Trainee: 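This is the structure I have questions about; it appears just below.
Nothing here was measured: the structure is a model prediction, and the numbers come from that model. All chains are named by letter (A, B, ...) in the order of the sequence lines, taking the proteins before the strands, and each is independently numbered beginning at 1.
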There are 2 protein chains.
Amino acid sequence: MSTRNRANPLALAILICLYERPMHPYEVATTLRQRHKHESVRLNYGSLYAVFASLERRGLIVPQGTQRSGRLPERTIYALTDAGRVEAHDWLTELVSTPVKDYPEFEAALSFLPALPPDDVVSLLGERAVALEVELAEMRSTRELFAKGDLPRLFWVEVEFRERLRESELAYVRALAAEIGAGELEGMQWWRAIHDDPDGPAASQYSNIDVIEGGGA
Amino acid sequence: MSTRNRANPLALAILICLYERPMHPYEVATTLRQRHKHESVRLNYGSLYAVFASLERRGLIVPQGTQRSGRLPERTIYALTDAGRVEAHDWLTELVSTPVKDYPEFEAALSFLPALPPDDVVSLLGERAVALEVELAEMRSTRELFAKGDLPRLFWVEVEFRERLRESELAYVRALAAEIGAGELEGMQWWRAIHDDPDGPAASQYSNIDVIEGGGA
DNA sequence: AGTAGGATACTCGATTCAGAGTACCTTATT
DNA sequence: AATAAGGTACTCTGAATCGAGTATCCTACT
């Protein structure tokens with residue numbers, strides 16, 4: 001219930017897996033890996049057993065029995081409770097209906113951009129553009145594999161989505177690199193100045209100006 | 001150096017702040033908040049002092065002296081070392097030049113979509129589209145504020161970028177909702193079937209098929 | 001049949017984190 | 001001058017996390 005408990009996406013993945021049938025932790029991990037969920041969701045298998053324990057504490061799953069193969073440790077099989085079914089449904093509903101603020105690393109990079117000299121930035125953005133093109137090519141071939149494997153689109157909408165986002169990013173990177181390269185970006189004079197002469201008169205001009213109160217509705 | 005140390009973006013934000021001049025931890029936090037960095041970077045001020053301590057241990061910053069106002073605890077002022085300057089430069093360079101895999105929450109949501117009934121999904125996507133429109137309107141007004149405040153574009157490229165991504169998301173959400181609503185998405189029959197009759201013959205048909213080996217180059 | 005090499009199935013501990021908590025200061029009020 | 005309200009400057013704690021470690025199993029080769 002507490003939103004704090006919804007921080008770990010592995011927990012949701014587990015609940016949804018157990019929706020199908022009771023499993024033991026390792027089987028859940030294997031299933032998720034087989035279905036390539038780790039490509040769309042951040043899953044720390046390191047905390048697998050801790051997350052199962054926390055779900056049990058919260059009454060969302062119950063141990064159903066154990067099973068043993070060879071002399072490996074016993075495997076506890078867990079099943080979803082009614083509360084678990086409700087939680088999985090509510091969580092997923094919220095995830096689909098309500099946008100949250102994500103923090104893509106590149107957004108952070110952009111916000112610190114003035115700390116690097118403009119010429120360096122142009123070539124670094126060029127590197128990124130190339131890498132993004134390679135990644136997009138890979139994604140397209142993955143999609144072809146999916147299509148050939150007769151897996152209906154329903155099961156790979158997330159791959160399409162990721163592709164759209166990366167395409168937008170590539171377009172933005174190209175446009176920005178071109179603008180900086182052409183010296184057309186607003187603020188370029190100051191940017192050049194502080195990197196040519198770090199102690200020059202321009203150094204402090206903007207040091208405090210990006211203080212804008214309010215912003216947004 | 002170890003990539004593990006580059007996990008926390010607050011550390012980079014601190015290094016870049018100290019690039020300007022030595023400060024005490026609380027002053028760094030205040031500066032970052034004033035510059036709205038928390039909107040583009042995930043900054044946990046809860047671990048502020050821990051991160052300063054870790055940067056000092058790694059030799060990237062050094063305490064320069066202390067200062068005291070009233071009977072508040074002493075404030076330690078930290079300065080960047082040469083190693084710290086190098087680390088900040090290298091880290092930022094990597095961030096700009098090399099795309100990493102982010103995990104937007106909505107991508108996770110999409111990958112679990114078949115767990116909800118299709119009709120529900122259509123209306124949830126509709127909700128999301130509305131919320132995204134509101135958010136985009138807010139972002140545009142924030143940008144206008146920036147522009148009026150005479151803050152050069154150089155300092156808000158990250159806001160533009162975020163806007164482009166959200167626009168792509170909105171377009172995708174609308175298209176997907178329309179396709180599902182029209183019953184045109186590949187896999188719809190199966191999707192309808194398992195939600196109309198969870199134990200029916202369709203239930204297991206795809207339960208294992210999204211196992212595709214390889215994928216990507 | 002014995003065993004080397006690699007994959008599989010967990011376990012453990014040091015580190016890091018988020019959020020709640022607390023003490024202090026400043027300002028406003030009477 | 002006393003006190004209340006609100007913000008500032010930290011501190012603490014339980015929980016989460018990552019990576020490294022260990023034990024077991026399977027396969028192939030001699």
Trainee: May I ask you to say whether B:R140 pairs ionically with B:E167, meaning some side-chain N is under 4.0 Å from a carboxylate O?
Mentor: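 Yes.
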Trainee: A:L48 has an atom CG; how far is it from atom P of D:dG19, in whole Å?
Mentor: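 It is 16 Å, rounded to the nearest whole Å.
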Trainee: For B:S47 and for A:G46, find the nucleotide of DNA chain C with the closest heavy atom, then tell me which residue's nucleotide is more 5'.
Mentor: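 That would be A:G46.
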Trainee: Could you tell me whether the phosphate oxygens of D:dC10, OP1 or OP2, come under 4.0 Å of any side-chain nitrogen or oxygen in B:R75?
Mentor: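 It does, given that an N or O in the side chain of B:R75 lies less than 4.0 Å from OP1 or OP2 of D:dC10.
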Trainee: Measure CG/A:N44 against P/D:dG19 and give the value in whole Å, please.
Mentor: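 Taking CG of A:N44 and P of D:dG19, I get 9 Å after rounding.
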Trainee: Taking atom P of D:dG7 as reference, at what distance in whole Å does atom CZ of B:R33 sit?
Mentor: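 Those two atoms, CZ and P, are 12 Å apart.
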Trainee: Which whole-number value in Å describes the distance from A:F52 CZ to D:dA15 P?
Mentor: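 From A:F52 CZ to D:dA15 P: 20 Å.
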Trainee: Restricting to side-chain contact (heavy atoms from CB on, under 4.5 Å), what partner residues turn up for A:T30, sequence neighbours left out?
Mentor: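 For A:T30, the residues satisfying side-chain contact (heavy atoms from CB on, under 4.5 Å) (neighbours in sequence not counted) are A:Y26.
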Trainee: For the pair made of OH in A:Y45 and P in D:dA16, what is the distance, rounded to whole Å?
Mentor: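 Distance check: A:Y45 OH to D:dA16 P gives 19 Å.
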Trainee: Would you mind reading off the distance between A:R58 atom CZ and D:dA16 atom C1', rounded to a whole angstrom?
Mentor: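 Distance, rounded to whole Å: 13 Å.
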Trainee: Check this for me: does any side-chain nitrogen of one of B:R166 and B:E160 sit under 4.0 Å from a carboxylate oxygen of the other?
Mentor: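 No.
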Trainee: Any side-chain N or O of B:N8 less than 4.0 Å from the OP1 or OP2 oxygen of C:dT16?
Mentor: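 Answer is no, no contact under 4.0 Å.
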Trainee: Could you give the CZ-to-C1' distance, from B:R6 to D:dG19, as a whole number of Å?
Mentor: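 Those two atoms, CZ and C1', are 19 Å apart.
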Trainee: From the set C:dC10, C:dT16, D:dC10, return the single nucleotide nearest to any side-chain atom of B:R57.
Mentor: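 That would be C:dT16.
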Trainee: Only pairs under 3.5 Å count here: list side-chain donor-acceptor contacts from residues 90-97 of chain A, not counting sequence neighbours, and write none if there are none.
Mentor:
from	atom 1	to	atom 2	distance (Å)
A:T93	OG1	A:H89	O	2.8
A:E94	OE1	A:R6	NH1	2.6
A:S97	OG	A:T93	O	3.0

Trainee: Without decimals, in angstroms, what is the distance between B:Y49 OH and D:dC10 P?
Mentor: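 Result: 4 Å.
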